[in-house]
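Okay, so here's the structure we're looking at.
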There are 2 protein chains.
Amino acid sequence: MKVTIADVAKRAQVSKTTVSRILNGNYAHASEETIRKVLQAVEELNYSPNALAKGLKSMRTHVIGLVLSNLKNPFWTTVLEGLEDTCRDLGYHLMICNSNEDPDMEEKYLKDLRDRQVDGIILHPTCKNPKLYERLAEQRYPFVFINRRMPDIRVSSVVVDNIKGGFIAVNHLIRYGRRKVAICMYRNEFVSTWKDRLEGYKKAMLANGMTEDDFIMIELEQHADNQQEAIMRQLKKRPEIDAIFSTNNMITLEVIGAARELGLSMPEQLALVSYDETVWAKYLDPPVTTIRQPGYKMGQTAVQTLVDRILSGGDEEPTVVMLEPELIVRASCGAMSFHIS
Amino acid sequence: MKVTIADVAKRAQVSKTTVSRILNGNYAHASEETIRKVLQAVEELNYSPNALAKGLKSMRTHVIGLVLSNLKNPFWTTVLEGLEDTCRDLGYHLMICNSNEDPDMEEKYLKDLRDRQVDGIILHPTCKNPKLYERLAEQRYPFVFINRRMPDIRVSSVVVDNIKGGFIAVNHLIRYGRRKVAICMYRNEFVSTWKDRLEGYKKAMLANGMTEDDFIMIELEQHADNQQEAIMRQLKKRPEIDAIFSTNNMITLEVIGAARELGLSMPEQLALVSYDETVWAKYLDPPVTTIRQPGYKMGQTAVQTLVDRILSGGDEEPTVVMLEPELIVRASCGAMSFHIS
DNA sequence: TTCTTCTATGTAACCGTTGACAAAATCGCT
DNA sequence: AGCGATTTTGTCAACGGTTACATAGAAGAA
């Protein structure tokens with residue numbers, strides 16, 4: 001049933017080598033006649049080469065492994081698109097794994113992917129396996145971090161400037177008159193994105209003449225399911241809060257729910273800027289001002305970076321690409337109805 | 001650098017065969033001593049087998065190919081999770097491709113995946129390559145359709161009952177007093193999901209004493225970007241419309257935008273039921289009544305079906321699994337504020 | 001003791017490619 | 001015609017596993 005290169009060779013009356021050479025192009029010394037015969041045989045038998053055998057021999061599979069940690073967040077859908085498109089353009093395929101923020105899963109998948117001889121790995125690290133990442137980096141295994149960075153580990157990364165994103169968001173709120181700005185985020189000591197957004201928040205506060213005493217943190221447990229209530233409790237405890245910087249799109253929904261429940265008008269009593277632009281942000285009530293992250297670009301760049309590394313043999317210095325976040329102004333931040341009094 | 005089974009064999013002072021047998025478990029006749037030596041060598045050398053070589057010989061890669069057509073829609077994120085989790089549980093990996101509704105891409109990817117010797121394919125068909133699907137089916141290549149069905153082609157499929165979904169949605173609207181119910185959908189003759197939802201709409205209308213003359217169709221071009229305007233035009237032309245059955249979550253957002261723009265109050269002047277439950281539906285204004293599709297379950301079932309087929313050699317009859325949609329009532333349909341007058 | 005039957009392990013072919021090297025065919029030139 | 005250079009094609013050993021078959025040794029039966 002399965003037709004191999006040997007079948008083609010026989011039918012075209014040439015050797016396997018000749019077929020292989022002609023099919024792989026890089027073969028100057030072939031007569032017109034032979035090429036014709038081979039191509040015809042390929043056509044007639046509907047031959048196409050076994051990528052496994054090819055990979056085994058050539059040590060290149062043209063597969064890139066991808067380890068993500070939360071497919072749920074629609075941000076990643078955009079990233080995935082960028083990854084996918086770019087892989088296609090560069091002739092790679094994508095093997096996708098979901099670590100679910102579990103370091104053990106992450107380790108297992110990393111091993112699995114290498115056993116499968118993928119040419120390189122794009123990793124959204126849980127950040128809980130530092131020695132593992134270090135080992136991979138030492139072995140010069142081609143891989144890149146995406147979205148999160150680990151400054152101590154010498155690995156190429158493609159991330160968004162979250163400090164800047166946090167700064168822009170909070171600075172914007174303050175500029176439009178808010179002083180009691182709270183940051184609403186998950187409790188998480190590991191991950192650079194959270195730390196950076198928080199740092200951006202602090203920077204913006206300090207840059208606008210506030211002190212550490214003015215910082216207001218609403219911390220949530222990432223996997224709890226009473227988020228909205230937790231937010232309501234905090235808002236009731238600190239009724240002076242007049243703005244919230246919400247650090248991801250799920251939290252934003254909970255904040256809106258909480259405000260609605262408490263009868264706080266938005267943006268009048270409570271202004272809001274949210275991380276992560278989404279298709280639905282502008283249809284919420286009120287339409288939400290967001291920080292857009294270039295997800296597609298991030299995917300694109302990650303693949304490019306990885307493929308560069310694969311092709312170069314992985315000798316060069318790790319690179320860090322930092323993409324720019326962007327503020328998208330809508331009604332929730334209060335800027336649109338702002339009047340200098 | 002790379003350690004092979006031969007290295008292990010040498011270090012343990014046994015043959016490659018013995019190592020292979022011990023590592024693959026199915027080997028009753030091995031002395032304690034040999035097992036110990038081999039395991040120790042494996043440990044010391046940190047050996048792990050090359051999946052490519054394994055696959056080449058065994059004709060099994062434990063990889064499932066996945067061809068989707070629109071990663072953008074968050075519904076697929078849920079499906080992907082189901083696919084991913086189930087693959088992990090059953091010992092498979094997922095190679096993901098995005099056809100983008102383009103039949104040529106679809107064909108290319110299908111070929112690529114087979115060249116890569118994936119054990120089977122899960123396909124969200126563009127439905128524009130019927131002869132191709134037929135050929136695959138004839139060759140008994142293990143694959144299953146997901147989400148969309150093609151009744152004429154003998155292929156296992158895992159879908160949601162879209163006729164029922166459409167029926168439930170529209171029946172619900174009518175039950176709460178609406179009579180001029182429009183269906184808002186993409187113009188698309190190919191795809192079962194759209195045809196079925198439309199059929200469900202018609203069934204519900206007829207079942208409630210209406211005739212074909214009462215059908216109101218608002219058709220949109222899938223890739224146009226003035227959707228909201230198109231909807232507004234239709235709504236102005238047919239001011240009697242008092243309810244909309246929106247057939248996917250993107251359309252729903254556009255409908256809400258259109259209604260807001262026209263100053264139509266929801267649900268009073270315009271009621272809405274939407275296909276596809278989303279995380280944000282309940283935070284919209286008004287919170288949207290939706291038809292939830294069991295996406296995770298769909299992914300799960302697709303993998304199970306495919307793996308069954310792979311393991312059985314693909315001889316049995318194709319199966320069709322039809323999952324049940326579910327109505328989630330919120331404010332937009334008007335049911336919550338409904339009073340019998 | 002000798003023959004049979006297990007048990008425990010090894011030998012070598014094979015999966016479908018590629019590529020280093022060898023060889024045959026063609027050509028130009030004397 | 002004879003030679004080397006060049007073009008064109010073929011041979012065969014990898015790549016890293018698995019597995020059918022072979023074999024050696026030990027135990028059991030006659």
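Taking only distance into account, the side chain of A:T17 meets the base of D:dT11 through a donor-acceptor pair shorter than 3.5 Å. With hydrogens and angles ignored, a donor-acceptor pair closer than 3.5 Å exists between the side chain of A:K16 and the base of C:dT17.
Remark: P of D:dG16 and CG of B:L23 are 16 Å apart, rounded to the nearest angstrom. Residue B:Q117 contributes atom CD, which lies 9 Å from atom P of C:dG16 at whole-angstrom precision. Spacing between atom CG of B:D7 and atom P of D:dC15 amounts to 11 Å, rounded to whole angstrom units. In this structure, CD1 of A:I5 is placed 18 Å from P of C:dC14, rounded to the nearest angstrom. Atom NZ of B:K54 is separated from atom P of D:dT19 by 10 Å (rounded to the nearest Å). As a whole-Å value, the separation of A:R36 CZ from D:dT9 P is 13 Å. Rounded to whole Å, atom C1' of D:dG16 lies 11 Å from atom NZ of B:K2. Per the geometry, CG belonging to A:N50 stands 14 Å off C1' belonging to C:dC14, to the nearest Å.
Of the side-chain N and O atoms in A:T34, none sit less than 4.0 angstrom from OP1 or OP2 of D:dT8. Residue A:T18 places at least one side-chain N or O under 4.0 Å from the OP1 or OP2 atom of D:dG10. The phosphate of D:dT18 (OP1 or OP2) has no side-chain N or O of B:S58 nearer than 4.0 angstrom. OP1 or OP2 of D:dG16 has not a single side-chain nitrogen or oxygen of B:T4 nearer than 4.0 Å.
The main-chain N or O of A:T126 is never found under 3.5 Å from a side-chain atom of A:S69 such that the two would form a donor-acceptor pair.
A residue-by-residue look at A:M59 and A:V14 shows that A:V14 has its nearest nucleotide of DNA chain D further toward the 5' end.
Checking C:dT18, D:dG17, D:dT18 against every side-chain atom of A:N24, the shortest atom distance belongs to C:dT18. Looking at the side chain of B:R21, the nearest of the listed nucleotides D:dT9, D:dT19, D:dA13 is D:dT19. For A:L56, the side-chain atoms get nearest to D:dG16 when compared with the rest of C:dT9, D:dG16, D:dT8. Closest to the side chain of B:S15, out of C:dC15, D:dG17, C:dG10, is C:dG10.
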key: Check against side chain to side chain donor-acceptor pair (under 3.5 Å), B:E84 and A:N98   = CA-CA 7 Å; B:E84 220 286 325; A:N98 184 1; 4.6 Å; no
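Side-chain atoms of B:P49 and B:I5, non-hydrogen and from C-beta on, never get closer than 4.5 Å to each other.
Here the closest heavy-atom approach between residue B:D7 and residue B:K2 is recorded as OD2-O, 3.8 Å.
Between A:R148 and A:E101 a salt bridge is recorded (basic side-chain N to carboxylate O distance below 4.0 Å).
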